[in-house]
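Following: one structure in structure tokens, then a few remarks.
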Amino acid sequence: MNFSIIYNPIASRFTDEALSHFIKSFENKGLTLYKAVKSEYSGHVIPLIKELDPVSDYLFTLGGDGTVNEAVRAFNDIEQHSIYGHISVGTTNDMANNFNLSRKNAIESINKLASEGVQTQMDSIIVNGEPVSYVSSFGYVAPVPYLVNVNLKKKLGHAAYVVSALPILARKPEWVNLRYTANGETKEIKTCLALITTSKGMGGITLYHNADMNDGKFEVFFLEKISPKLIAEIFPHYLSDTVDFSKYSKYCTCFSTDKMTIEFIGMPPKYDLDNDGNQASFHLTMHERKLEFSIGKKIKILKPLK
């Protein structure tokens, strides 16, 4: 059996050492390296996945969370042959958390994946016909992942997101009126931030400790109230990754579902976002005021169970 690797050399924690260790570790398991290919531009992972999947038994990516988003887009377009695995070498590395791997130590993650990895599946989300992984969001701090400077991420890591978020947090949020339908109910709300995800968390923080990426559902969060006091209360928990949504139920709406429609009443939001660093491929206009979310294709993946 063989394996291929697609790596992103500009990911903030990528090293040649990690790439070499990756290849050696899976060759020691009796697999033969078919090809190691560099991702050279945003979106390049998509055609590389489509090229390598039919001829690879295992297909790995070495990059940030946005790399996984591109891989999931590609796998939704093809009849997947390979088993997909990912080692996170980005800034926030939310997918490492989802895949039961280390966010900070690529070598440790490689060793664990090579020794404990088993085949399972991962949900993807379809938004207005477009596959995304692992989060679609809009509102208050949604643009932070693609506004943060790449060089700043390399220097400061996760703290770069905090620095980039400060000017946004200093401004008053823009409120969006919407009507959503999910789980047989339709409600109208006013929100300044929406997060729809299959993930345990996003932006480097764990929001849903018990989230299962293979349960056929996604998590929905609407922030309906916000104040300087709330931001001050949450901020230290954000830095220490100890945010607990259950403590803030009076400020937000949270639920799980496998299908949801959002209709905007009035102006749609300025930003919509697929994933860390990847703006959505669709953009709402005055004449397109609806978002439709559903569970997409199951992706065959390799990950440790614990």
Side-chain angles (χ1 to χ4, degrees), residues 42-43 46 65-66 68-77 94 122-147 168 173-203 207-208 211 213 215-226 245 251-299:
S42 178
I46 296 175
D65 292 328
V68 180
N69 182 51
E70 293 185 23
V72 167
R73 284 177 175 272
F75 283 125
N76 265 272
D77 286 342
D94 291 321
M122 174 181 74
D123 292 324
S124 57
I125 308 175
I126 302 295
V127 187
N128 284 20
E130 296 283 345
V132 303
S133 173
Y134 53 97
V135 58
S136 181
S137 65
F138 58 83
Y140 200 22
V141 292
V144 169
Y146 58 83
L147 292 179
I168 296 176
E174 296 182 3
W175 294 91
V176 176
N177 293 302
L178 61 83
R179 180 186 303 110
Y180 73 85
T181 300
N183 298 329
E185 295 183 326
T186 299
K187 294 184 179 180
E188 289 189 9
I189 63 169
K190 182 171 72 172
T191 182
C192 65
L193 176 64
L195 305 172
I196 298 91
T197 181
T198 57
S199 174
K200 291 181 181 179
M202 61 208 73
L207 302 177
Y208 308 103
M213 295 193 76
D215 63 356
K217 293 185 177 182
F218 50 84
E219 311 298 326
V220 180
F221 168 86
F222 293 119
L223 184 60
E224 297 178 80
K225 296 179 182 179
I226 194 169
F245 272 172
Y251 297 101
C252 60
T253 293
C254 298
F255 58 87
S256 299
T257 188
D258 61 353
K259 188 176 183 180
M260 178 176 66
T261 299
I262 293 177
E263 297 177 84
F264 296 103
I265 305 169
M267 289 292 291
K270 288 184 178 180
Y271 300 102
D272 47 340
L273 171 70
D274 280 356
N275 204 323
D276 182 16
N278 292 287
Q279 295 185 50
S281 57
F282 54 87
H283 300 279
L284 297 176
T285 69
M286 284 293 292
H287 304 290
E288 298 173 314
R289 300 186 183 184
K290 182 182 288 188
L291 291 174
E292 296 183 345
F293 299 82
S294 61
I295 287 293
K297 188 176 181 180
K298 293 275 190 181
I299 310 300

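Along the sequence shown, residues are numbered consecutively beginning with 1.
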Exercise. Closest approach of Ser137 and Leu195, non-hydrogen atoms and distance?
Worked result: CB-CD2, 3.5 Å
Problem set entry | Rounded distance [0.5 Å steps], NZ in Lys297 versus CG in Asn76 | 6.5 Å
For this session: Answer whether the closest heavy-atom distance between the side chains of Glu188 and Asn177 falls below 4.5 Å.
Result: no
Seminar exercise, completed: Correct closest heavy-atom pair for Tyr134 and Gly201 would be CE1-O, 3.4 Å
Exercise. Taking the side chain from Asp123 and the backbone from Gly216, do they hold a donor-acceptor pair closer than 3.5 Å?
Worked result: yes
Exercise. Quick one: CD1 on Ile126 to CD1 on Ile295, what's the gap to the nearest 0.5 Å?
Worked result: 9.0 Å
For this session: Considering non-hydrogen atoms only, spot the tightest contact between Asp94 and Asp65 and give its length.
Result: N-OD2, 2.9 Å
Exercise. Is there side-chain contact between Phe138 and Leu178, with heavy atoms separated by less than 4.5 Å?
Worked result: yes
Exercise. Checking Thr191 side chain against Val176 main chain: does a donor-acceptor pair fall under 3.5 Å?
Worked result: no
For this session: Any chance you could measure Asp258, atom CG, to Asn183, atom CG, to the nearest 0.5 Å?
Result: 7.5 Å
Seminar exercise, completed: For Asn128 and Lys290 the tightest heavy-atom approach is ND2-O, 3.1 Å
For this session: Would you mind reporting whether Val72 and Val132 have side-chain heavy atoms less than 4.5 Å apart?
Result: no
Exercise. Does any N or O in the side chain of Glu70 come within less than 3.5 Å of the main-chain N or O of Gly43, such that one atom is a donor and the other an acceptor?
Worked result: yes
Exercise. How far does CE of Met122 sit from CZ of Phe75, to the nearest 0.5 angstrom?
Worked result: 8.5 Å
For this session: Enter the distance from Thr261:OG1 to Leu291:CG here, rounded to the nearest 0.5 Å.
Result: 9.0 Å
Exercise. Roughly how far, to the nearest 0.5 Å, is CD1 of Ile262 from CZ of Phe293?
Worked result: 4.5 Å
Exercise. Between Lys200 and Met213, is any pair of side-chain heavy atoms under 4.5 Å apart?
Worked result: no
Exercise. Tyr208 and Ser199: which non-hydrogen atoms are nearest, and at how many Å?
Worked result: CD1-O, 3.7 Å
Show me the side-chain donor-acceptor pairs of residues 217-226 shorter than 3.5 Å, one per line, residues at least two apart or across chains.
{"residue": "Glu219", "atom": "OE1", "partner": "Ser256", "partner atom": "OG", "Å": "2.7"}
{"residue": "Glu219", "atom": "OE2", "partner": "Ser256", "partner atom": "OG", "Å": "3.3"}
{"residue": "Glu224", "atom": "OE2", "partner": "Thr253", "partner atom": "OG1", "Å": "2.3"}

